[in-house]
Amino acid sequence: MTMTFIIAVALAAVIGILIVPISSRMKDGSFNFKFKALFFIGILLVASIATMITLYITMMDLNWTAVWPVVAIVAFAGAYLSTGFERKIKGLIGLAGIGVAAYMLSAPMMNADEKYESAKMKTEVELKAFDETKTPASVPPKYARNKMKKAFGQVPNTSYYELGNLQIQKINDDYVYVAPVEFSDAFKWFKGKTTPGYFVLSATDSSANPKFVEKEMKYVPSAYLNNHVARYMRLHNPLTIFNGDVQLEIDNDGTPYYIRTYGDFISARNGFKPQGIVMVNAHNGDIKKYKLKDVPSFVDGAVSPEAVSLQNSYFGNYVHGYWNTIFGKKDIKIPSDEGVEANVSPVFDENGEMYYFTDFTSPKEGVDSMLGYSLTNARTGQGTYYTGNSDESYMDSEGALQVVEKKFVEKKWSGSMPLLYNFYGETSWLVPVLDSNGFLQNYYIVSAANPEIAVTATTPNEALRQYKNVLSRTGTSTVNGNSTKEEKQGEGTVLRVYKETAGDFTNVTFLLDDETNYTVSSEVAPLAVYLQEGDEVKFTYLATSEVFQQVKELTITTLKPKEKKTKE
């Protein structure tokens, strides 16, 4: 905090120099340096205190782009009090302030190309196919928050606290939601001083229960004075440009940290480009600053969702500069606002890297088709834009939510946190379905290109299994969960058979004598309904890494009609 004090005093000294008429004579013709020195010291003290109070209350940065209005106004005041050459110099400084004001106000029109270049993404066609040996992080935050609230009785002195903001992350290879326990008001902070810990809940298993972790935290968003974590960061970094709220990150030992993204303006005091994080140990206040390339490995969201949302806006709007956003709007793509955090939704890839997902739609009203979608790495800020199959028209996230709402209109259920995946080669929306009380009831998977292809189930894995069967019947997909398109031939003796009805058809699952498992729909192979233990079969299937391989063609070789006897 020493640096904050030094900067405040330096700014106050500049104000004093600009106001005090140093070279001007008094009315009696003397310079009266004693009076001017006392005048300067008084301004120095008042301005220093005013600067510190302003910084303390507003938590604004002391970057020159923030203080120039004060310098300009003070320069004009100093010019009024001065005479001769000193008046001209201070007047010129004031006029320069007007020039800076024009620069600041025109920045959004002038730096559109720079914004676009800063947010430019590499382009690909489709996502990699989802690996079905994994379970998607599909528990919506609203449901997770409800479960944590119901488990709040685990917190000691419950009346002192309330649940803070949720943050999804990976801890020891598990995808979880974490939420800090926060002070409920200023009186509770004054009495309690520290919060007792945080909650952890699985982001992949909807049946899991929240776990309260006891870790005393002193520097939190709901604390006051110097214990307010954002103020604590600001006092130690008075010149730093922050973007987005503070976020809780837990290391693999369970130690809680608060991080906040910092960066620089694109130009003037406009736009933002992330450069790193400031990290505070929530227990002891140890504070460190990291560039993005040096961020500790346990930090998943080094780039704030607010910063990514800004980048998406730059990428979608400024493809042809500023004026195109007003006139013409050629090639403009509008980022969706259906994300769960600052209009984006965090997801994890097969390597455990966190990305922010956003879909883009047309600026034309009444259009719910998707122009493309992006994934932005949450540690590096590097984004990839996916154009989708040019021969198909994909519905956007809003359209997916509308499909879910129509499906469950009688029950008054609604979708939450729609996420786009490549399931079996088919671009599809996975949408958790919540009831009116915010409790998870179902999972809905619907094809982005063909809303008629959809399934619903109580778990994401069950929904995926049903979706695979539907796609195999319709023939619209390669039905391969790991991008392998190799067709293979198989044969053997059936040891076990399991059959279940799925709409107008029957799904038949069978185990062969070589301990491999397969599944086939009666829509693909109608005679599969007669399959029984001991049968010999030959079939064509798509080789994947899954436990149950999807069969495309099936022949039961032991199912042959008996030859008719002829009369002698």
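A donor-acceptor contact closer than 3.5 angstrom is absent between the side chains of Thr261 and Asn243. Between the side chains of Thr240 and Lys289, at least one donor-acceptor pair of N or O atoms lies under 3.5 Å. Judged by distance alone, the side chains of Thr459 and Asn461 never bring a donor and an acceptor atom under 3.5 Å apart. Using modelled atom types, one finds a donor on one side chain and an acceptor on the other under 3.5 Å when comparing Tyr373 with Glu126. There is no side-chain donor-acceptor pair under 3.5 Å between Thr255 and Tyr257. A donor and an acceptor atom, one from each side chain of Thr376 and Tyr355, are nowhere located under 3.5 Å apart. Looking at Glu338 and Ser397, their side chains never bring a donor and an acceptor atom within 3.5 Å of each other. Counted by atom type alone, Asn317 and Thr325 present zero donor-acceptor pairs between their side chains at under 3.5 Å. Side-chain contact annotation: Glu426 with Ser447, donor-acceptor N/O pair under 3.5 Å present.
Using a 4.0 Å cut-off between a side-chain N of Lys or Arg and a carboxylate O of Asp or Glu, Arg465 and Glu500 qualify as a salt bridge.
Two rings, from Phe539 and Tyr518, have their centers less than 6.0 Å apart. If you look at Tyr262 and Phe242, their ring centroids are not closer than 6.0 Å. When ring centroids are compared, Tyr498 and Phe510 stay outside the 6.0 Å threshold. The distance between the ring centers of Phe183 and Tyr224 does not fall below 6.0 angstrom.
Evaluated for a side chain to side chain contact (heavy atoms under 4.5 Å, CB included) with Leu201, the options Met148, Arg145, Lys211 yield exactly one hit, Met148.
Here OH of Tyr356 is found 7.0 Å from OG of Ser304. Values are rounded to the nearest 0.5 Å.
Counting non-hydrogen atoms of neighbouring residues, nucleotides and ligands closer than 6.0 angstrom, the CG atom of Asn165 reaches no more than 12 such neighbours.
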